[in-house]
Amino acid sequence: MSQYKIILSSNSPRRKELLAGLDLDFEVRVISGIDESYPADLAVDQVPEYLARKKAAAYDIADNELVITADTIVTIDNMILGKPENDAEAHGMLKMLSGRTHRVITGVCLSAKDRQRHFSVTSEVTFKVLTDQEIDYYIAKYHPLDKAGAYGIQEWIGYVGVTALNGSYFNVVGLPVQRIYEELTSEFLNR
């Protein structure tokens, strides 16, 4: 799999750990300041893939490079829950997810000089009814302001709150590595 120098366009420690789990050599290269806006009339389900492609367009890709860009959203009631700006907003998001099923969608773009593949992976996550005390404990101890939807499934709140998962666990963590592996091996690394 060494025909490409793989570049992960993310500073997320979770994405780095997940991609490393595929036993691929890669480096992290992030272009800061990429505009992450999207058209207001774009369907919610299409936003992550649109943003992954937009991030990929910012790279000047060399002949031997393969850039992986991604964007993850949490959505409920056709609304996107981004990263909360403060503890109160995090609390409100977790109250909204409490006792309900929501979707986590990750858009991924794999870009080489001569080809590009992009796709989205959707997982459904169901939470039990969370008490205010559970939500407050989680926010105080884990500070989830850097996470879409104000939670990380791999943290305490996932242990005590998630009652069902339909789809890829790793997608919910932040990177659908099984699908990335399939795309890499079928479209890029065996050619």
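Predicted model only: the values in this text are computed from it and were never measured.
- Going from atom CG of Asp146 over to atom OG of Ser12 covers 8.0 Å, rounded to the nearest 0.5 Å.
- Around the CD atom of Glu27, the shell of radius 6.0 Å holds more than 12 heavy atoms that belong to other residues, nucleotides or ligands.
- Here the straight-line distance linking atom NZ of Lys16 with atom CZ of Arg14 works out to 10.5 Å at 0.5 Å rounding.
- By the 30° and 60° cut-offs, the orientation of the rings of Phe188 relative to Tyr4 is perpendicular.
- Put simply, the side chain of Ser123 gets close to the backbone of Ser168: a donor and an acceptor are under 3.5 Å apart.
- Side-chain contact annotation: Arg179 with Thr106, donor-acceptor N/O pair under 3.5 Å absent.
- The pair Arg53-Glu49 does not meet the salt-bridge criterion, since no charged nitrogen lies less than 4.0 angstrom from a carboxylate oxygen.
- Ring planes of Tyr151 and His102: perpendicular class, angle over 60° (limits at 30 and 60°).
- Within 6.0 Å of CG in Asp114 there are more than 12 heavy atoms belonging to other residues, nucleotides or ligands.
- For the atom pair NZ of Lys83 and CD1 of Ile73, the computed distance is 13.0 Å after rounding to the nearest 0.5 Å.
- Note that CG of Leu175 is 8.0 Å distant from CG of Leu22, once rounded to the nearest 0.5 Å.
- In terms of modelled atom types and a separation under 3.5 Å, the side chain of Lys147 and the main chain of Ile153 share no donor-acceptor contact.
- Listed for the Asn86 side chain is a donor-acceptor partner under 3.5 Å among the backbone atoms of Ala88.
- Of the possible polar contacts, none joining the Tyr142 side chain to the Gly152 backbone as a donor-acceptor pair under 3.5 Å is found.
- The line from CG of Leu110 to CZ of Arg117 is 8.5 Å long, rounded to the nearest 0.5 Å.
- Between Lys54 and Asp71 there is no salt bridge, since no side-chain nitrogen of the basic residue lies less than 4.0 Å from a carboxylate oxygen of the acidic one.
- Shortest non-hydrogen contact noted between Ser9 and Thr69 is CB-CG2, 3.6 Å.
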